[in-house]
Participant: 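Structure below; questions to follow.
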Amino acid sequence: MTYHIKNSEQLTIQEIGVIIKLWENKEWTGMKADDFRQLFKNSEFHLLLDTDGNIKSVLRLNFDFTLKISGNLHSYTEMVGFVSAQKGHGYGSQLLKLSAENVTERDLQVIGFCISDLRPFYEKCKIDILYDKAKKILEQEDDHWISSEDDDILIIHLSEENRNLFKQLDSEKTAYLIQ
Ligand SMILES: CC(C)(COP(=O)(O)OP(=O)(O)OC[C@H]1O[C@@H](n2cnc3c(N)ncnc32)[C@H](O)[C@@H]1OP(=O)(O)O)[C@@H](O)C(=O)NCCC(=O)NCCS
């Protein structure tokens with residue numbers, strides 16, 4: 001098993017096809033490689049590959065992620081699109097560990113999100129979870145703000161200052177996702 005980091009231009013057409021399939025997002029089914037590369041030009045793909053080069057697990061780092069908190073803009077890196085080709089074989093936990101080590105070395109400020117059903121997985125992987133805090137991040141839908149579908153914020157790597165900022169989020173102090 002090997003760990004690779006690629007930007008969207010470095011992904012092969014075949015890899016893009018596999019990632020789109022694994023993501024199971026109807027909106028992106030059948031998307032052409034060039035459109036994929038353009039859409040995710042501000043992203044980085046972390047891949048766990050087997051000896052034949054097949055993707056066993058993938059996650060995306062989205063560098064285009066800004067929150068407005070108490071009137072101030074804060075840019076973070078969002079970990080998203082995390083999926084394993086076969087579940088329960090250890091691929092996901094392996095990729096998450098390697099990726100967390102990588103972003104820690106680079107001192108990137110990285111968060112992710114999850115629904116409550118996935119807490120046992122992230123707890124097993126020893127990821128710090130801010131329980132129910134994702135609901136305090138609001139996203140714009142048409143002309144109103146709605147809560148995220150996720151429940152928790154995952155701290156992949158954050159400075160103490162950013163960690164405290166997220167801990168303070170509550171009904172009075174919400175964060176707004178700037179699209
Ligand atoms: C979440 C996901 C990426 C985990 O990858 P994986 O390759 O199946 O994970 P692993 O095999 O490394 O699992 C590590 C441990 O967590 C456990 N685990 C995995 N998924 C779990 C889940 N949904 N709920 C509870 N425990 C889970 C495994 O049983 C394993 O435990 P063990 O070490 O005691 O055997 C994978 O289940 C997946 O692709 N899910 C669909 C997409 C998704 O939900 N992504 C996450 C979005 S936040």
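Along the sequence shown, the residues carry numbers beginning at 1. Keep in mind that the numbers below use all heavy atoms, side chains included, and drop hydrogens, waters and symmetry copies. Just so you know, ligand 1 is whichever comes first in the structure, and atom 1 is the first atom listed for that ligand.
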Participant: Measure the distance from atom 25 (C) of ligand 1 to every protein heavy atom, then report the residue, atom name and distance (to 0.1 Å) of the closest one.
Facilitator: P120 CB, 3.7 Å

Participant: Side-chain donor-acceptor pair under 3.5 Å between Q109 and N162, yes or no?
Facilitator: yes

Participant: Please list the nearest protein heavy atom to atom 18 (N) of ligand 1 with its residue and the distance rounded to 0.1 Å.
Facilitator: F121 CD1, 3.8 Å

Participant: Any idea which protein heavy atom is nearest atom 15 (C) of ligand 1, and the distance to it?
Facilitator: K124 CD, 3.7 Å

Participant: Among protein heavy atoms, which sits nearest to atom 39 (O) of ligand 1, and what does the distance come to when rounded to 0.1 Å?
Facilitator: S84 N, 2.9 Å

Participant: Can you report which non-hydrogen protein atom sits closest to atom 41 (C) of ligand 1, along with the distance?
Facilitator: K87 CE, 3.6 Å

Participant: For Y91, take its heavy atoms, then give the atoms of ligand 1 lying under 4.0 Å from any of them.
Facilitator: 7 (O), 12 (O)

Participant: Given that the side chain starts at C-beta and the backbone is N, CA, C, O, which of these parts of L154 lies under 4.0 Å from ligand 1, counting heavy atoms, or is it both or neither?
Facilitator: neither

Participant: Answer with yes or no whether G90 contacts ligand 1, where contact means a heavy atom under 4.0 Å from a ligand atom.
Facilitator: yes

Participant: Would E9 and K41 pass as an ion pair if we require N to O under 4.0 Å?
Facilitator: no

Participant: Checking contacts now, so for atom 35 (O) of ligand 1, which I'm interested in, is there any protein heavy atom under 4.0 Å?
Facilitator: no

Participant: Considering the heavy atoms of F113, write down every atom of ligand 1 situated less than 4.0 Å from one of them.
Facilitator: 48 (S)

Participant: If you look only at pairs with a residue in residues 123-153, which of them pass as a ring pair (Phe, Tyr, Trp, His ring centres under 6.0 Å), with sequence neighbours excluded?
Facilitator: W145-Y176

Participant: Is the shortest side-chain N to carboxylate O distance from D128 to R163 below 4.0 Å?
Facilitator: yes

Participant: Which residue supplies the protein heavy atom nearest to atom 42 (C) of ligand 1, what is that atom called, and how far is it?
Facilitator: F82 O, 3.7 Å

Participant: Among all protein non-hydrogen atoms, which one is nearest to atom 8 (O) of ligand 1, and what is the separation to 0.1 Å?
Facilitator: G88 N, 2.9 Å

Participant: Would you call the rings of W28 and F40 parallel, tilted or perpendicular if under 30° counts as parallel and over 60° as perpendicular?
Facilitator: perpendicular

Participant: Could you list which atoms of ligand 1 come closer than 4.0 Å to a heavy atom of H89?
Facilitator: 11 (O)

Participant: Run the numbers for me: atoms of ligand 1, each under 4.0 Å from some heavy atom of L118, listed by number.
Facilitator: 1 (C), 22 (C), 23 (N), 44 (O), 46 (C), 47 (C), 48 (S)

Participant: Going from CD1 on I20 to CD on E27, what distance comes out if it is rounded to the nearest 0.5 angstrom?
Facilitator: 11.5 Å

Participant: Please check if the distance between the ring centroids of F36 and F45 is under 6.0 Å.
Facilitator: yes

Participant: I want to know if ligand 1 touches V83 in the polar sense, i.e. an N/O pair below 3.5 angstrom.
Facilitator: no

Participant: For atom 12 (O) of ligand 1, find the nearest protein heavy atom and state the residue, atom name and distance (0.1 Å precision).
Facilitator: S93 OG, 2.6 Å

Participant: Go through the steps to decide whether Y91 and D50 satisfy the test side-chain contact (heavy atoms from CB on, under 4.5 Å), and finish with yes or no.
Facilitator: CA-CA 10 Å; Y91 303 139; D50 70 10; over 6 Å; no

Participant: Return the CD1 to CG distance between I55 and L49, rounded to the nearest 0.5 Å.
Facilitator: 6.5 Å

Participant: Is any heavy atom of the protein nearer than 4.0 Å to atom 28 (C) of ligand 1?
Facilitator: no

Participant: Examine distances only and state if a side-chain atom of T174 and a backbone atom of I137 form a donor-acceptor pair shorter than 3.5 Å.
Facilitator: no

Participant: Is the distance between the ring centroids of F82 and F113 under 6.0 Å?
Facilitator: no

Participant: Side chain or backbone of W23 under 4.0 Å from ligand 1, or both, or neither, by non-hydrogen atoms?
Facilitator: neither

